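Report on the structure given below.
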2 protein chains.
Amino acid sequence: MNVTIKDIARLAGVSHTTVSRALNNSPLIKDETKNKIKEIAQQLNYVPNLNAKNLVTDRTFNIGLFFSTLNIGTTPSFFNQTVKGVNSIIKDKYNLIIKGIDDYKDFNLVTSKRFDGIILMSQSEKDNLFIYNVIEKKIPIVVLNREIKCDSIICILTDDRIASKQAVNYLIDNGHKDIAIILGKEGFKSTEKRKQGYLDALMENKIFINNDFIVQGTYDFKSGYTAMEKLLSLPKVPSAVFCSNDDMAIGAMNAAFQMGLKVPDDISIVGFDDNSISQFLNPSLTTVNRHIEDIGREGAKMIIELIENCEANGMIKYMDAELVIRKSVSKNA
Amino acid sequence: MNVTIKDIARLAGVSHTTVSRALNNSPLIKDETKNKIKEIAQQLNYVPNLNAKNLVTDRTFNIGLFFSTLNIGTTPSFFNQTVKGVNSIIKDKYNLIIKGIDDYKDFNLVTSKRFDGIILMSQSEKDNLFIYNVIEKKIPIVVLNREIKCDSIICILTDDRIASKQAVNYLIDNGHKDIAIILGKEGFKSTEKRKQGYLDALMENKIFINNDFIVQGTYDFKSGYTAMEKLLSLPKVPSAVFCSNDDMAIGAMNAAFQMGLKVPDDISIVGFDDNSISQFLNPSLTTVNRHIEDIGREGAKMIIELIENCEANGMIKYMDAELVIRKSVSKNA
DNA sequence: CCATGTTTTGCACACGTTAACAATATATAT
DNA sequence: ATATATATTGTTAACGTGTGCAAAACATGG
């Protein structure tokens, strides 16, 4: 039914091997015949049968983009930016397959026969099991968003600790001392990093660390809302809150509004992530832009490099994050 | 390197044919041998080579989830909900491949050899070229979000026209007469449908249609913002604005705030989509929930049905949408 | 025991492609 | 012209799986 290289061979009066070589631009074939063959292929609308090709070359043209989960904990904006970034680099010839690690019961189906390479947007330490599994099966992998000590792995991430510290320092520079933090989802590495940055800033500025000001969240709106409620019911209310992501910052903002407080006049808020929505909030949100899309793009470039050229040196690449100053922070006397 | 059915055959003392049949649960094979073989396969951690399998059965286990574009016009929340819905149904055995139609220069690479089936989240009439291409190549397809007249196609969508009408009626019920609309991106079918619903509601209630109250947008925040600015600079300002999606509603809200107006006291706003964020806005946004995730789920079920059982009857399935009443609309005297 | 029918297994080829090696054509040097 | 090197093409097998058909094993009835 479908046109194969043998059909082309017949029409061109050559062997199918020659056709195969011609279409793959082998230097063995004379330019003249090459062109003739390519022309016929074009005319016949020939599309190579990937299954056959992959069977013998032992490749798929699949690149897996894995998230720790596609459910709670992965915000739409974060997800979307990652996919966009990766997809913008993946060429036609690769398929981008999106999966949550938690979609699998076991990892039997994650094999080099299924994926040429894997990009993991890693959000939790629990992913390590998956990572080691992938490495053991010799599938090229690039890990985004988390640092893996193993030195054969390529990791691409922002230094959340430094970025958080920067954000909190900005609050301190504006005269704030009673600074609270709403933490991210427990177990996520990013949660810990951002907390560290917060602590670093306070400690370097010799500000007393008040444990009441450290409240757990889960990275979603609602948890930001309830966390803020908790903070506002304290005997001593903080003058500024650093939220471990923008979604929670929005939740926190609304809790403040609900209590009749004004942002930033009564309480300042800083977020983390720079969701596409954050600039349109009221007040617009001061936050940290991690350039997730860039990270995705970089990861995609790396994995293709890894697949096609087998450059296997592990490395940790830090991408720049940037504090975006808007209007949710006020000067504190 | 990898274990094949021949390896299993050797260990079981049978031919590879028997192994193949046993693992595929052929009724030809005695249960006893079947079990023995399966056990060995298990032990050896056998994973079938998809390329080989697909080559002979002429299948892939790929399901393509296509969007009109992965860039501007597809909001993070919408994208995320769709993927989540589809992914929750796709079983381990299928790969979910995500693509933007505009990623392709031509459709040569979209063949039945690449995709067992395609789910298209269609946002624009321009997709029709793609759709006909897919049909011509006899690839099973399910279209989400848009109605295609061709009667061999399965479409799943909400009736945006009715839902919009309902939303605008709600404004009218609350005493509003000067109701504006911010349109979606030009060329998108949804844009038109929602406009129709808006017009339906006005006409049925014999409210004069003011062309100044109909303003173009592009479905993103910014366009909502500028559209609202335009509306607020009119000699006669509307008392309520129906926004064709939530993102624009948020932009519009902020434009109102910027002008010193209060929502809903000075102006009422209704959105469309029920973004995950909308309930946390201040004021929380009255909007239409289209249950995108359900649509994705339904689409996934359909395409699998289509692939595995070849039920080829076209149909148009409408899913329920629901007006979610929150706090962005006030009673108008 | 044989003849016949039924259940279970194996042989051999096919799927469309690549690649090692052999074979041929062409160019170059003597 | 001949020998040798080089460029170009063809022959053949292989990748791992499924399947039509032939073969073998087993069961049944006489």
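Heavy-atom basis, side chains included; hydrogens, waters and symmetry copies ignored. Keep in mind that what you see is a predicted model, and the values were worked out from it rather than measured. First the proteins, then the strands, lettered A, B, ... as listed; each starts at 1.
A salt bridge links A/R297 with A/E293: the closest approach of a Lys/Arg side-chain nitrogen to an acidic carboxylate oxygen falls below 4.0 angstrom. A salt bridge does not link A/E147 to A/K189: none of the charged nitrogens lies less than 4.0 Å from a carboxylate oxygen.
Atom P of nucleotide D/dG16 and atom CZ of B/R59 are separated by 22 Å, given to the nearest angstrom. When the C1' atom of C/dG16 is taken as reference, atom CG of A/N49 falls 6 Å away, rounded to whole Å. Rounded to whole Å, the distance from CG on A/L23 to P on C/dT18 is 8 Å. Between the C1' atom of D/dG16 and the CZ atom of A/R114 lies a distance of 13 Å, rounded to the nearest Å. In this entry the distance linking CG of A/L50 with C1' of C/dT18 reads 14 Å, nearest Å. Between the P atom of D/dT9 and the CD1 atom of A/I5 lies a distance of 15 Å, rounded to the nearest Å. Atom CG in B/L55 sits about 4 Å away from atom C1' in C/dC15, given to the nearest Å. Rounded to whole Å, atom P of C/dC15 lies 11 Å from atom CG of A/D7.
Counting only heavy atoms from C-beta on, B/S15 has its side chain closest to C/dC11 among C/dC11, D/dT12, D/dC15. Of the candidates D/dT11, C/dG16, D/dG18, the closest approach to any side-chain atom of B/V56 belongs to D/dG18. Of the candidate nucleotides C/dT18, C/dT17, D/dG18, C/dT18 has the atom lying nearest to any side-chain atom of A/T57.
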**Request:** Tell me, with the steps shown, if A/S190 and A/D160 meet side-chain hydrogen bond (donor to acceptor under 3.5 Å, both in side chains).
**Result:** CA-CA 7 Å; A/S190 58; A/D160 282 11; 5.1 Å; no

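Nearer the 5' end of DNA chain D, as judged by each residue's closest nucleotide, is the contact made by B/N51, out of B/N51 and B/R21.
Using a 3.5 Å distance cut-off with no hydrogens or angles, the side chains of A/S122 and A/R146 do pair a donor with an acceptor. Residues A/D103 and B/N87 have side chains that bring a donor and an acceptor to within less than 3.5 angstrom of each other. With 3.5 Å as the limit, one finds a donor-acceptor pair spanning the side chains of B/T18 and B/S15.
Residues B/I119 and B/M121 are not in side-chain contact: their nearest non-hydrogen atoms beyond the backbone lie 4.5 Å or more apart. Using a 4.5 Å cut-off on side-chain heavy atoms (C-beta onward), A/I153 and A/C155 make contact.
If you check every strand for non-hydrogen atoms under 4.0 Å, A/T4 touches sugar and phosphate atoms only. Within 4.0 Å of A/N24, counting heavy atoms only, lie sugar-phosphate atoms of the nucleic acid but no base atom.
At a non-hydrogen distance threshold of 4.0 Å, nothing from residues 27-44 of chain B comes into contact with DNA chain D.
Each end of the helix from C/dC1-D/dG30 to C/dT30-D/dA1 gets its own axis, taken as the rotation carrying the C1' atoms of four end pairs onto the next four within a five-pair window, and the two axes meet at 50° to the nearest 10 degrees.
The base of D/dT9 lies outside donor-acceptor range of the side chain of A/H16, with no N or O pair under 3.5 Å. A donor-acceptor contact under 3.5 Å links the side chain of B/T17 to the base of C/dA12.
Counting heavy-atom neighbours within 6.0 Å of B/E308 CD, excluding the residue itself, gives a total above 12.
Aromatic ring centres of B/F66 and B/F115 lie closer together than 6.0 Å.
OP1 and OP2 of D/dT17 both lie 4.0 Å or more from every side-chain N or O belonging to B/K6. When the side-chain nitrogen and oxygen atoms of A/T18 are compared with OP1 and OP2 of D/dT9, none of them lie within a distance under 4.0 Å. Contact between the side-chain N/O atoms of B/Y46 and the OP1/OP2 oxygens of D/dT17 is found at a separation under 4.0 Å.
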